[in-house]
Number of protein chains: 4
Amino acid sequence: MSTTPVGRPRSESARRAVLQAVDDLLAEVGYAGVTMKGIADRAGVGRQTVYRWWSTTAEILLEACVADARDELRTVPQPDARRDVLGYLRLLEAFLLHSHAGLCYRVLLGETQHDGAVRELVARADILAPSARACLRRVGPRLQQDLDHDLHVAELVGPVVYAVLTTGGAPDLEALTDHLLAGWSRGGPAGA
Amino acid sequence: MSTTPVGRPRSESARRAVLQAVDDLLAEVGYAGVTMKGIADRAGVGRQTVYRWWSTTAEILLEACVADARDELRTVPQPDARRDVLGYLRLLEAFLLHSHAGLCYRVLLGETQHDGAVRELVARADILAPSARACLRRVGPRLQQDLDHDLHVAELVGPVVYAVLTTGGAPDLEALTDHLLAGWSRGGPAGA
Amino acid sequence: MSTTPVGRPRSESARRAVLQAVDDLLAEVGYAGVTMKGIADRAGVGRQTVYRWWSTTAEILLEACVADARDELRTVPQPDARRDVLGYLRLLEAFLLHSHAGLCYRVLLGETQHDGAVRELVARADILAPSARACLRRVGPRLQQDLDHDLHVAELVGPVVYAVLTTGGAPDLEALTDHLLAGWSRGGPAGA
Amino acid sequence: MSTTPVGRPRSESARRAVLQAVDDLLAEVGYAGVTMKGIADRAGVGRQTVYRWWSTTAEILLEACVADARDELRTVPQPDARRDVLGYLRLLEAFLLHSHAGLCYRVLLGETQHDGAVRELVARADILAPSARACLRRVGPRLQQDLDHDLHVAELVGPVVYAVLTTGGAPDLEALTDHLLAGWSRGGPAGA
DNA sequence: GCTTAAACGAGACGGTACGTCATGTCTTAAG
DNA sequence: CTTAAGACATGACGTACCGTCTCGTTTAAGC
C-alpha cells in the first residue's frame, strides 16, 4: 500500500552537502554563520532545496550531529563500577569539550532555552540520556541498587554539563565519581 | 580628583525604561522579540541611546536580571543540613522554572554556548554560584567536611540545571538531597 | 551565443512602480521626500530591490525623467529662423518651469554641483543639448553659418537656464531671440 | 534709546571659527561633509551655538562666501567694450571654476533647486548680477544702448554658468564676447 | 521514445533588524 | 545669557538574512 513516488527523486548528494556545510560553518565561522542562506550557498545548493527538507537551522544541526553523538558516547563495560562511571564521565567530558558533535549539542541546548520548537525537537532526539542509562544499568546491580532513573541520569550528567556550560571546563571527575557512588550505595537520608 | 562630568547627564528614566522593556518583551513575545530595535521602540527611547550604554541584547538582559537573581536565590540558614540543602534546591528550582529572572538566566546560558562575548559576560556575573557556595559553607562544617569548591557547586546545582534545561522539569529534590549528603559525608572511594 | 539568464527574471512591474514613485514623491513632498526608503515604501517594493537596480536617488530620477525630457523638447521645423529659435526657447522655458521632467532636470543639475558621480551621470545623459543642436542645425544654413557647436548651445540655452535657476522666471524670449540671431548673423568682432 | 545687551556677549571667535570650518569642510571632504554637526565639531564649538545664529548649512555657506564673491568679481573699467566684456567673462569663469567662493556659489545654486528657503536666501544675496550690471552699465553707452536689464545679465552670464554647471568647463569666451556685442549693437529683428 | 511530475540551481521579490550617522532639542556646569 | 559638552528622540542610511516566488533544467517512472 506504499505510494510510489513520482517525479525526480530526492538528491542524496544535496542532502549530504547540506549536512556537511552546516558542520563546517559551525566550526569555521561560529554559530552566527549558520544561516539558511549561508548553508545553501556553502553547500552549492538552492535555497528552496534546504527549505524543502528542513524548516530551521536547528533541524539541520540536529540531523548533522545526532548520529555522531551516539557513536562518540558509546561506552564499553568495565570490570568495576568506579572505572565504569569514571570512563563514562571522561567520555562525556571529551564529547562536550572537544567533539564537533558536542559543540552542536551545546549550541542546540542553548537554542532550546528560547525556542519551544527546538526544545521539543531536542527532547525527542534525547542525545545524552541513553548513554548515561546504559552506564547506570551496568553499575546499578553492582551496588545492589536500581539506578536507571531520570534523577540518576541528572546526577551523573548534570555536574559535568553545568560546569562545561558555565565555565567552559570540567570538574574533577575522580572525586565526582566517588561522591556519586557513595551517594548511591546507601539510600538512607544523611543528617548533620 | 574625580573628573567632573560635563554635558547633559545620563537619563535615569531612559535606563529604567530599557531594562523594563527587555523584561516585558522576553515575557510577552519571547526571545525573538528581544531586539535592539524592539527594545528601543518599546521603551520609547532612541536606538542610539540603547547602543550608547549597551552593546548587545545580552548585556541588557544581564543587567535586567542579575540583581533580581541574587535576591531570589538568597537563602536563610536552616537548623540541619538536610533542610538547608533541600531548601536551597527548592529555591533554585523555583528560580529556574517560574521566575522572570530565571528565564533570563536560562536564555543567557543558552546564548553563552554560541557567543564567546556573552560567555565572558555571564561567567563574570556568576549568578548561581555565590548562593550555592553560601549553602555549602553552612552545610560543610556539619558534615565535618570542607564543601566550598567548584565541584561541590556543580554537584549541587548541576542536576537541577540539567533537568530544567533538557526536559523543562525538575527531578525529585528530596532524593537528590539524600544522595548529595550521603556522597559528601564520607570522602573515600566506593567500589562495587 | 547570448547567455540565457538564470533565476527569477526582473519584475517589470516593480521597476515601473519605483519610477512612478520617485516622480510622485518629487511632485508631492519635494526633494526632501525623495529617499531610498521613501521610494521603496511608496512603490510598495522592498528596499533591497531598489538598491539592486539603482545605486542612488539620482540614478532613479534620471531614468524617470530622461525619456520624458526628450519627448517634451522635440521641436518641429519652422519656416523661418526666428520662429524656429523662438519656438525652441518657448519649449525650453515650458520644460524648465512647468514640466515634471523639467523639475527633475533642475534637481539633478543641482545635485551635480556637489556630487561628482551625479555629474558624470547627468553629463552622459546629455538632456538639453541634443534638442538645442537640432534647432541650431536647422537655423544655421539660413544664416549662412555653421551653428552646431557647444558655444552656440550655451548661448541658446544658457540665458534661459540661468534665469530659471536663479530667479525662477524666464526672460523676454523674443528679445533674446533677436539678440541671438543678430549675434550669429555676422561673425566679425564688434568694437565700441 | 539703544537696548543695552545683557549677559555674556556673542563670541566673535566662535563666529569666525564656524565660517572657517564650513569653508574648509567644503574644500576638503566635499558637500557631504558640510553638516551642522560636522561644522560644530570642526570649529570646536557647541552645536547649539551654531543653531543659535544660523538655521541651515546654506545660511552659513552664504555668509562664508558672499563677501569673497563680491571682491573676486570686482572689475576695473577697460578702454573699449570688447575688452571690458571679455575681462568680465574671464573673471566670471575663474570665479566659477577655480575660486573657493565660486564653489560655494555653485553648491548654493544647486541647493536652490530643491529647497525654497535657500532659493529665497540666494536670490536676496544676488551674488552675480551686481558685477554683471556694472559691466553692462559701462558697455551700454559705448554701443548707444541701454544694457542694464535682467535679459542682458542673463545673456552675459548664462552661457558661462550653463557650460560650467553642465560640463564643468567654460566655452570660447572671445567668440562669446563677439556674439554678444554683435547681438546688442543693433536692436532690430534678424530674419533668415 | 514521450510524457508527466517533482526536485534541482539560481536568483529576484517584499520584509525587517542590523549598527551608524545627522537631525534639532534638551540639560548640565562654567564663563 | 552665552558657551562647550554631550545625552536625548527621531529617522534615513546601506547591508544581511528571512521565507516565498518564479524561472529554465535535470532526472526518473510510466505510458
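All values below come from the heavy atoms of this structure, side chains included, with hydrogens, waters and symmetry mates left out. A note on names: the letters A, B, ... follow the listed sequences, proteins ahead of strands, and every chain is numbered from 1.
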Problem - V45(D), nearest nucleotide to its side chain (from dA4(F), dA12(E), dT3(F)) - result: dA4(F)
Problem - Base of dC13(E) paired with side chain of R8(C) (donor-acceptor, under 3.5 Å) - result: no
Exercise for the section: State plainly whether the residues D115(B) and R119(B) are in salt-bridge range, i.e. N to O under 4.0 Å. Expected result: no
Fill in the blank from the handout: Separation of dA12(F) atom C1' from I39(C) atom CD1, nearest Å, is 12 Å
Exercise for the section: Please determine, for the side chain of A14(B), which listed nucleotide (dC13(E), dC18(E), dA9(F)) has the closest atom? Expected result: dA9(F)
Handout entry: Interatomic distance, W54(A) CH2 vs dG19(F) C1' [rounded to whole Å]
Key = 17 Å
Practice task
Using only side-chain N and O atoms of W53(A), determine if any of them is under 4.0 Å from OP1 or OP2 of dA6(E).
Solution key: no
Exercise for the section: Between G7(C) and P9(B), name the one whose nearest nucleotide on DNA chain E is closer to the 5' end. Expected result: G7(C)
Handout entry: Between P of dC18(E) and CG of D115(B), the distance in whole Å
Key = 14 Å
Exercise for the section: May I ask you to verify whether the side chain of R47(D) and the base of dG24(E) hold a donor-acceptor pair under 3.5 Å? Expected result: yes
Completion exercise
Quick note, K37(A) side chain, CB onward, closest among dG14(F), dC17(F), dC18(E) is dC17(F)
Exercise for the section: Could you state the atom-to-atom distance from CZ of R10(A) to P of dA29(F) in whole Å? Expected result: 17 Å
Problem - Toward the 5' end of DNA chain E, by each residue's nearest nucleotide, G44(C) or M36(B) - result: G44(C)
Practice task
Grab the CZ-C1' distance between R52(C) and dC13(E) for me, whole Å please.
Solution key: 7 Å
Exercise for the section: Would you indicate which nucleotide in dT3(F), dT20(F), dA7(F) comes nearest to any side-chain atom of T49(D)? Expected result: dT3(F)
Practice task
Could you give me the CA-CA distance, side-chain angles and deciding distance for C104(D) and D23(D), then say whether side-chain contact (heavy atoms from CB on, under 4.5 Å) is met?
Solution key: CA-CA 8 Å; C104(D) 281; D23(D) 230 54; 4.2 Å; yes
Handout entry: side-chain hydrogen bond (donor to acceptor under 3.5 Å, both in side chains) between Q113(A) and Y31(B), worked out
Key = CA-CA 9 Å; Q113(A) 303 316 307; Y31(B) 187 69; over 6 Å; no
Practice task
Could you check how far OH of Y51(D) sits from C1' of dC1(F), rounded to whole Å?
Solution key: 21 Å
Completion exercise
Rounded to whole Å, the CD1-P distance (I60(B) to dA17(E)) equals 15 Å
Handout entry: Minimum-distance nucleotide to Q48(A) side chain [options: dA10(E), dC13(E), dC18(E)]
Key = dA10(E)
Completion exercise
Between CZ of R15(D) and C1' of dT3(F) the distance, given in whole Å, is 17 Å
Completion exercise
Between S55(C) and E12(B), the residue closer to the 5' end of DNA chain F by nearest nucleotide is E12(B)
Problem - For W54(B), the option from I60(B), L62(B), L61(B) that meets side chain to side chain contact (heavy atoms under 4.5 Å, CB included) - result: I60(B)
Problem - Distance under 6.0 Å and angle within 45° of ring axis: R10(C) vs W53(C) - result: yes
